[in-house]
Structures are given as C-alpha cells and as structure tokens.
There are 2 protein chains.
Amino acid sequence: MAETHTSSRHRLQSTDLATEIEFLMARARALGTSKANEQLAALNLKARSYAVLALACSDSRPSQRELAEFLSLDASQIVALVDGLESRGLVVREPDTSDRRSNVIVGTPEGVALYERAVSVVSAAEGKSLGSLSETERDQLRELLARVAFEG
Amino acid sequence: MAETHTSSRHRLQSTDLATEIEFLMARARALGTSKANEQLAALNLKARSYAVLALACSDSRPSQRELAEFLSLDASQIVALVDGLESRGLVVREPDTSDRRSNVIVGTPEGVALYERAVSVVSAAEGKSLGSLSETERDQLRELLARVAFEG
DNA sequence: TATTGTTATACTCTATAACTATA
DNA sequence: TATAGTTATAGAGTATAACAATA
C-alpha cells in the first residue's frame with residue numbers, strides 16, 4: 001500500500017530485462033489492472049467479470065467457448081464467471097437455436113445498465129494509467145497492441 | 001492445444017472491449033507469456049524465475065524487496081522464487097554490508113551461463129510474438145509501454 | 001517505531017480430466 | 001468421432017498477517 005520510498009525512479013530500469021517488451025507488458029498490465037479492479041470493486045466486478053459482461057452486452061452473442069478463447073481463459077473458468085453474473089441477473093444463457101449444445105451469453109437490461117456504469121469507471125482508470133501518453137500516442141499503442149494480440 | 005477452427009479472425013474483435021488497451025495488453029501478454037514459457041521449460045525456468053534470474057545476473061545487485069517491487073509481486077512470493085534458484089546453484093543471497101537486514105541476490109557463474117541461454121530463447125520467442133511488427137514499430141511499442149509501466 | 005526477510009495460511013486463479021448432451 | 005458445456009479437483013499463483021532481526 002504505502003509505496004515506501006519508491007519515488008527513486010527505479011534503479012533496475014537500466015537492466016536488460018527492463019527493455020523486454022514481454023516484461024513491460026506484464027508490468028504495465030499489473031499497474032492498470034490493479035487500478036481498474038479498485039474502481040470496479042464498487043460495482044462488485046473485477047477485470048474478468050467486466051470483460052465477460054462487456055462481451056455479453058455487445059451485439060455479438062458470444063458462446064462460452066468464444067468467450068474463453070477471446071479472453072485467453074480456459075473454458076472451465078467461464079462457467080464460474082457466467083454463473084456469477086447470471087445469479088445477479090446481469091446476463092442469461094440462451095440456447096443457441098442452430099446448435100443445441102451451445103449457449104449464447106447475453107446481457108439483461110440490468111446487465112447493460114451496470115455495464116454502462118462500468119465502462120465509464122474503467123475508461124477513467126485507463127485514462128489515469130495512460131496519463132503520460134497523448135491521445136495520438138494512445139492510438140498508436142492501441143494499434144500496435146492489437147496487432148500483437150491478434151496476430152495470425 | 002489444438003486451436004479448433006480459430007482461423008476465423010475473431011468475430012468479437014469488433015466489440016468495444018477489443019479496443020480497450022487494458023484488454024489488449026492482457027491478451028498480448030497471455031500469448032507472449034505462453035510462448036516464452038514453452039521455450040523456457042527446456043531450461044527448467046518460467047517467466048517469473050527468468051525475470052528474477054535476469055535481475056540477479058545484472059550488475060544491479062537487487063534486494064528481495066526491490067525484486068518484489070520491480071516485478072509487481074508480493075515480497076513473500078520472492079522468497080520461494082529465490083529459494084528455487086538458489087537450490088539449483090543459480091543465484092546466491094549475499095548479506096548487504098550496508099544493511100544487515102537485507103539480502104542482495106546475485107547470479108553465480110552457473111546462473112549467468114543459464115541466463116545467457118535463456119535470453120536467446122526468450123528473445124526468439126519475443127521475435128515470434130512480435131513477428132508482425134517492424135523493427136521501428138517494436139521500438140515504438142517498447143517506448144510507449146515503458147512510459148506506461150514506469151509512469152510516476 | 002519502521003523495515004527486511006521470512007513463514008504460515010487462506011484465498012483465488014488456472015489447468016486437467018472426465019462426464020453429458022449434442023453434432 | 002468430435003465438440004459445447006459442465007463438474008470436480010489439484011496445482012499454481014497471490015494476498016494477509018505475524019514474527020525475528022535489524023535499523
């Protein structure tokens with residue numbers, strides 16, 4: 001909690017590790033996620049459940065399998081995540097008419113309402129995390145990350 | 001393992017979530033870490049232990065507390081990580097002469113040798129992960145991430 | 001009093017395998 | 001034979017609080 005005397009712009013920044021993109025992503029994400037989770041806690045959400053809710057509230061009608069794949073999670077983890085949201089009345093599992101093995105996860109009106117609030121909370125947190133970047137730099141970062149995240 | 005038929009450039013990429021930098025970092029990192037871990041397994045390392053080894057083998061002589069902070073880990077987690085490397089003779093805990101509460105973690109010659117091999121393995125994995133980016137784009141990404149990761 | 005490293009512990013997250021119902 | 005969802009479970013990762021030694 002208390003940051004000790006971290007103000008001393010980290011000595012270790014001059015190491016080779018600190019130039020590895022992998023490491024930088026891990027650290028940037030740890031910072032960002034903890035900020036986002038702090039804010040989301042007020043809505044009883046976490047980064048994970050927020051992501052599921054966001055996709056459920058989009059018009060894409062994802063299956064659980066698609067959620068797992070898109071969110072880089074194991075399919076078995078989606079079950080608990082969806083259970084949690086469903087028990088709060090935020091999403092429902094609708095049978096997929098074209099494949100009866102499959103559920104489609106969609107947001108309820110309550111879910112959509114909570115999602116709207118969560119979006120603004122998350123984007124505020126993102127704004128804080130990315131405070132040192134200009135708008136064009138953020139777009140640049142977004143574009144580069146997207147190519148890495150969805151590379152074939 | 002088998003990627004089912006993911007070849008279908010994800011439907012969900014058009015959702016709002018997919019434009020959030022936080023989400024993109026999480027996904028990019030998940031991809032990269034799993035690739036890196038695959039390669040590091042042959043050296044009996046993981047991303048975490050590799051990072052500790054890298055810092056131990058730099059000339060910065062980090063304390064355990066500094067490792068924890070720099071790697072966004074809890075101090076108590078560093079103990080096990082260092083224990084593991086120390087028991088393999090890759091690093092040693094040296095008492096800090098200026099503060100006897102403190103240990104300084106340094107790589108042994110064996111540790112340095114393994115680290116050299118690990119670096120090349122990791123950078124090959126990174127190269128694969130970032131395959132779609134040019135050299136200048138990688139530098140751009142590195143610079144942007146560093147600012148987010150070390151923002152004051 | 002405060003801090004470093006440590007331990008113990010509980011909690012969460014993640015991965016695996018097995019099952020069911022569909023295809 | 002293969003896939004979607006589910007369950008159970010074990011293993012890894014993470015957070016909390018407490019203690020000893022030192023500052």
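Predicted, not measured: the structure shown is a model, and the values here were computed from it. Protein chains get the first letters and strands the later ones, always in sequence-line order, with residue 1 at the start of each.
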Could you tell me how far apart [X] ([atom1]) and [N] ([atom2]) are, to the nearest whole angstrom?
X: A:Glu94; N: D:dA4; atom1: CD; atom2: C1'; answer: 17 Å
X: B:Ile78; N: C:dT7; atom1: CD1; atom2: C1'; answer: 16 Å
X: B:Asp96; N: D:dA21; atom1: CG; atom2: P; answer: 19 Å
X: B:Leu67; N: C:dG5; atom1: CG; atom2: P; answer: 9 Å

Could you tell me whether a side-chain N or O of [X] sits under 3.5 Å from a main-chain N or O of [Y], the two making a donor and an acceptor?
X: B:Arg27; Y: A:Ala149; result: yes
X: A:Asn37; Y: A:Ala47; result: yes
X: A:Arg48; Y: A:Leu81; result: no
X: B:Ser49; Y: B:Leu45; result: no

Contact class for B:Asp74 (heavy atom, under 4.0 Å): base, sugar-phosphate, or nothing?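 Base contact.
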Of the listed nucleotides D:dT14, C:dT7, D:dT7, the one nearest the side chain of B:Leu73: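 Of the options given, the side chain of B:Leu73 lies nearest D:dT14.
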The side chain of A:Arg65 lies closest to which of these nucleotides: D:dG5, C:dG5, C:dT7?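 From the listed options, D:dG5 comes nearest.
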Using only heavy-atom distances, determine whether the side chains of A:Tyr50 and A:Gln39 contain a donor-acceptor pair under 3.5 Å.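 There is no such pair between these side chains.
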Is any NZ, NE, NH1 or NH2 atom of the basic residue among A:Arg147 and A:Glu151 found under 4.0 Å from an Asp or Glu carboxylate oxygen of the other?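 Judged by the 4.0 Å cut-off on N to carboxylate O distance, A:Arg147 and A:Glu151 do not form a salt bridge.
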Any side-chain hydrogen bond (donor to acceptor under 3.5 Å, both in side chains) pairs touching residues 125-134 of chain A, not counting sequence neighbours?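 Found A:Ser134-A:Thr136, A:Ser134-A:Glu137.
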Can a donor-acceptor pair under 3.5 Å be found between the side-chain atoms of B:Ser102 and the base atoms of C:dT3?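 No such pair is found, so the answer is no.
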Not counting sequence neighbours, which residues clear side chain to side chain contact (heavy atoms under 4.5 Å, CB included) with B:Arg117? List them please.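 Here the qualifying residues are B:Leu43, B:Leu114.
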Can you tell me how the ring of B:Phe70 sits relative to the ring of B:Phe150, calling it parallel under 30°, perpendicular over 60° and tilted otherwise?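 Aromatic pair B:Phe70/B:Phe150 classed parallel.
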Expected output is a numbered-order residue list: members of residues 57-64 of chain B with a heavy atom under 4.0 Å from any atom of DNA chain C. What is it?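 Result for residues 57-64 of chain B: B:Ser63, B:Gln64, sorted by number.
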Contact list (N/O, under 3.5 angstrom) for nucleotides 11-13 of chain C vs protein:
| residue | atom | partner | partner atom | Å |
| --- | --- | --- | --- | --- |
| C:dC13 | OP1 | A:Lys46 | NZ | 3.2 |

Quick one: which protein N/O atoms are closer than 3.5 Å to N/O atoms of nucleotides 21-23 of chain C? Pair and distance per line, please.
| residue | atom | partner | partner atom | Å |
| --- | --- | --- | --- | --- |
| C:dA23 | OP1 | A:Arg100 | N | 3.0 |
| C:dA23 | OP2 | A:Arg100 | NH2 | 3.4 |

May I ask you to test the A:Leu85-A:Ile105 pair for a side-chain heavy-atom distance under 4.5 Å?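 SC-SC contact between A:Leu85 and A:Ile105 ruled out.
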Can you list every salt bridge (charged side-chain N to carboxylate O under 4.0 Å, His left out) pair that touches residues 86-98 of chain A, not counting sequence neighbours?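 Qualifying pairs, neighbours excluded: A:Arg61-A:Glu94, A:Asp83-A:Arg93, A:Glu86-A:Arg93.
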